Amino acid sequence: GIQVEQSPPDLILQEGANSTLRCNFSDSVNNLQWFHQNPWGQLINLFYIPSGTKQNGRLSATTVATERYSLLYISSSQTTDSGVYFCAVKEGKESNFGNEKLTFGTGTRLTIIP
Amino acid sequence: NAGVTQTPKFRVLKTGQSMTLLCAQDMNHEYMYWYRQDPGMGLRLIHYSVGEGTTAKGEVPDGYNVSRLKKQNFLLGLESAAPSQTSVYFCASSRTRGETQYFGPGTRLLVL
């Protein structure tokens with residue numbers, strides 16, 4: 001099955017700093033999502049971005065499907081940005097029609113220090 | 001519009017006991033999913049449903065059963081709980097295949 005690798009595994013930053021989180025995947029995808037899991041365990045959908053670039057406030061994401069990676073940018077970090085960021089993908093092969101498995105990476109744990 | 005809700009939020013079981021986790025969504029989504037999350041890992045798909053009356057196996061289906069009798073509800077059953085099923089269980093739904101999945105708040109299950 002498809003492999004998803006996220007880097008870095010851990011990131012500690014001062015409030016106000018910018019960060020870039022990376023997601024590499026091993027095969028073509030037709031679904032890629034970024035999630036934020038807050039310290040209370042809630043999974044919050046950030047972006048649905050199988051290709052292209054999207055922005056939402058201080059967050060933006062870019063997926064280059066042909067090169068099999070996606071990047072999540074966080075600017076002017078706030079303490080509320082702390083938590084684990086997951087990338088999740090679904091393989092894009094025709095043979096996968098009906099297989100709805102979303103494969104998650106192991107996440108990047110982000111800690112923002114006041 | 002509550003989105004995706006899960007019941008219960010937390011449960012402790014003894015080995016061999018059974019229980020059912022309920023997931024409900026009010027977004028009229030066709031697809032629903034059950035995942036488990038274990039420490040230091042991402043989520044793994046247990047079972048999913050592509051519509052009322054349908055179910056399909058995911059990545060880690062053993063020891064679980066599911067039912068989708070109504071479009072808005074997706075039930076996850078543990079017939080004989082084992083300590084290896086201690087985990088946090090997340091339900092999700094999407095409008096159709098390949099679209100954004102929206103997650104519930106999770107159910108924390110401890111099997112002793």
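All values derive from a computational prediction rather than experimental measurement. Chain A is the first sequence line, chain B the second, and so forth, proteins listed ahead of strands; every chain is numbered from 1.
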Bottom line for A/Gln37: the part with an atom under 4.5 Å from chain B's heavy atoms is side chain

If you group Ile, Leu, Val, Met, Phe, Trp and Tyr by side-chain heavy-atom gaps below 4.5 Å, do [X] and [Y] land in one group?
X        : Y        : value
B/Val50  : B/Tyr64  : no
B/Val111 : B/Trp34  : yes
B/Tyr48  : A/Phe104 : yes

Around [X], counting heavy atoms of other residues, nucleotides and ligands shown, do more than 12 lie under 6.0 Å from its [atom1]?
X        : atom1 : value
A/Glu5   : CD    : no
B/Tyr102 : OH    : no
A/Arg22  : CZ    : yes

[atom1]/[X] to [atom2]/[Y] distance, rounded to the nearest 0.5 angstrom?
X        : Y        : atom1 : atom2 : result
B/Arg44  : A/Leu102 : CZ    : CG    : 14.5 Å
B/Ser94  : A/Asn31  : OG    : CG    : 8.5 Å
B/Gln101 : A/Phe35  : CD    : CZ    : 6.0 Å

Max heavy-atom pairs within cutoff under 4.5 Å with chain B, candidates A/Thr103, A/Thr106, A/Asn45, goes to A/Asn45

What one should report as the nearest heavy-atom pair of B/Phe103 and A/Gln42 is O-NE2, 3.9 Å

Closest non-hydrogen atoms of B/Thr100 and A/Tyr48, given as atom of the first, atom of the second and distance, are OG1-CB, 3.1 Å

